[in-house]
Amino acid sequence: MQISLSKRFSYSVALTAFIAVAATAYASGPRVRTVLMRDDCDPATFNAAVGPGTCVGDGDTTFSDFLDEVFSEGSADEWSFKPRKTKVEHGVNARNRGGEFHTFTPVEHFGGGFVEVLNLGAVPLNECALRTPGGVLARDPQGNLIPAQPALDSLVPPDGKSETTSLRKGVHKFQCCIHPWMHTTIEVK
Ligand SMILES: [Cu+2]
């Protein structure tokens with residue numbers, strides 16, 4: 001089979017263009033990145049302290065060790081989003097590899113979640129905790145903060161995966177509204 005010179009030329013132009021696009025995509029990260037949500041909750045002590053079903057799986061940090069670490073360090077190391085910072089081309093989703101629920105909530109900036117004891121004084125974000133129309137934090141009859149809709153919409157159960165969120169160019173932040181130190185910064189070039 002003979003390929004005309006002009007066809008060969010257009011083929012090579014197309015190939016060059018394809019390689020350039022592929023190289024750009026590679027340089028700006030994968031199309032979609034999956035952020036892993038991790039924790040190390042010990043089911044027996046977490047479920048006894050917080051309530052049945054709080055923790056499933058086989059983590060081995062007890063609830064009191066977890067709280068000790070949070071109060072002394074400001075965070076618990078094994079509760080994290082991985083990676084904490086990344087570049088993508090198009091979008092992001094999250095997979096929960098831990099034993100607790102986490103949220104993958106888009107936020108304007110990082111801040112407090114809806115579990116007050118874990119905020120260590122940080123002000124709860126509007127994306128995480130419900131406020132009255134007057135701007136006051138809403139509370140249930142026991143005095144607990146009430147999760148805001150964006151937090152509820154972005155809950156990921158243990159072993160679960162979130163839908164992929166398409167992102168525009170720029171810098172995007174996602175955090176857990178339960179454990180506020182769990183967060184990631186995603187850049188779309
Ligand atoms: Cu969390």
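Heavy-atom basis, side chains included; hydrogens, waters and symmetry copies ignored. Small disclaimer: the values here were computed from a predicted structure and weren't measured. Just so you know, ligand 1 is whichever comes first in the structure, and atom 1 is the first atom listed for that ligand.
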Taking atom CG of Leu120 and atom OG of Ser75, what is their separation to the nearest 0.5 Å? 9.0 Å
In a table with atom names and distances, give each donor-acceptor pair under 3.5 Å that connects a side chain of residues 141-151 to protein atoms at least two apart or in another chain.
| unit_1 | atom_1 | unit_2 | atom_2 | d |
| --- | --- | --- | --- | --- |
| Asn144 | ND2 | Asp140 | OD2 | 3.4 |
| Gln149 | NE2 | Asp153 | OD1 | 3.0 |

Residues in salt bridge (charged side-chain N to carboxylate O under 4.0 Å, His left out) contact with Arg139, at least two apart in sequence or another chain: Glu116
What angle sits at the Cu ion (ligand 1) between SD of Met182 and SG of Cys176, to 10°? 120°
State which residue, out of Pro180, Pro124, Cys177, fulfils the side-chain contact (heavy atoms from CB on, under 4.5 Å) condition with Phe114. Cys177
Which N, O or S atom name in His179 marks its closest approach to the Cu ion (ligand 1)? ND1
Using only N, O or S atoms, tell me which atom of His102 is closest to the Cu ion (ligand 1). ND1
